[in-house]
Amino acid sequence: MLEQISSQSTVVIAVAALAHLLFFFVLAMWARGDRKKIVQTLQRFTDSLPHRSRMDYDAHPSDQIEACLADIQDVLVEPAGSPHRVALSQRMRILDERRDYLHSLRFETAWNVARTMIEAYPLAGVLGTILAIGAALASDDQASVSIIVTRFGDAIWSTFAGLASAITLMLINSFFEPGFAKLSENRLHVREMASKAKRELGPADRGDAQVNPPSVTDSPNAVSSSSQVAPGTTT
């Protein structure tokens, strides 16, 4: 049993590394889709603003997100009740109901798993080598020392596969990590700007009519008609 496991350890590590590499590319496509959703939503927010930022078609989505947030900030510094603040308030009430584009827990969990599991490959390689030596020691052959030496040459490939996989995946992660971290930062900035806009856009920006119904107060000098005594009436 140990011999079968140890003989397949190198292949298992190589297949796991390939699946891990594919998972990183899936995360990259996932992050690209989330950035696109955020950019499209923010562009709808800022569609009617006077000084909307115009960027090149090949601009990075993170730069487009920051530009849209700067446009919203420019509107928030305008006087209360300005047409642009009113338009922005109306768009926020329509477009900011569910905020699916800000859901980040699944992506960040998947990225954390992919990043953390890189550390398991060197350990898996060493484990494959130990299993190969253990299988040789457990054999009934009298020349167990020669078997260990023979199988150790094959078992060392397990350690090599683990180390090579870890180094390769660390390079891949270092390539994708800045974009993934920037996406988390973009989401944080969008949340902060949405909270700030909701906090600063007051009733005048929402177009709410301030109707103060007249209050009826009893004057101390007022005399109710029921308490007046008609002249000539005996009490």
Side chain to side chain, [X] and [Y], heavy atoms closer than 4.5 Å:
X      : Y      : result
Asn173 : Trp111 : yes
Ile156 : Phe160 : no
Leu18  : Leu22  : no
Gln64  : Ile38  : no
Lys196 : Gln73  : yes
Pro61  : Lys36  : no
Leu69  : Glu192 : no
Leu183 : Arg35  : yes

Worksheet item: Do we see a donor-acceptor contact under 3.5 Å between the side chains of Thr159 and Thr129?
Response: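 Thr129 and Thr159 do have a side-chain donor-acceptor pair below 3.5 Å.
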Practice prompt. Take His60 and Lys182, measure what side-chain contact (heavy atoms from CB on, under 4.5 Å) needs, and give me the verdict at the end.
Written response: CA-CA 11 Å; His60 195 275; Lys182 187 64 177 178; 5.6 Å; no
Tell me if a side-chain donor or acceptor on [X] pairs with a main-chain N or O of [Y] at a distance below 3.5 Å.
X      : Y      : answer
His20  : Ile118 : no
Tyr121 : Ala16  : yes
Ser174 : Leu171 : yes

In Å and rounded to the nearest 0.5 Å, what is the [atom1] to [atom2] distance from [X] to [Y]?
X      : Y      : atom1 : atom2 : result
Asp34  : Ser184 : CG    : OG    : 10.0 Å
His189 : Ser62  : NE2   : OG    : 10.5 Å
Arg115 : Leu27  : CZ    : CG    : 10.5 Å
Met170 : Ser165 : CE    : OG    : 12.5 Å
Ile65  : Glu185 : CD1   : CD    : 10.5 Å

Group every Ile, Leu, Val, Met, Phe, Trp and Tyr by side-chain heavy-atom contacts under 4.5 Å, then state whether [X] and [Y] land in the same group.
X      : Y      : value
Phe175 : Leu169 : yes
Val12  : Val15  : no
Phe24  : Val113 : no
Met117 : Phe23  : no

Worksheet item: For the residue pair Thr10 and Ala161, what are the closest heavy atoms and their distance?
Response: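 Looking at all heavy atoms of both residues, the shortest contact is CG2-CB, 3.9 Å.
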Item to complete: Identify the heavy atoms of Thr116 and Asn112 that sit nearest to each other, and give their distance.
Response: OG1-O, 2.7 Å
Discussion item. Would Ile13 and Ser158 count as a side-chain contact (heavy atoms from CB on, under 4.5 Å) here? Give the steps.
Written reply: CA-CA 8 Å; Ile13 292 174; Ser158 176; 3.8 Å; yes
Worksheet, complete the sentence: With sequence neighbours left out, the residues meeting ring-ring contact (aromatic ring centres under 6.0 Å, His included) with Phe25 are Phe176
Worksheet item: Got a sec, which residues hit ring-ring contact (aromatic ring centres under 6.0 Å, His included) with Phe107, two or more places apart in sequence or on another chain?
Response: Trp30, Phe180
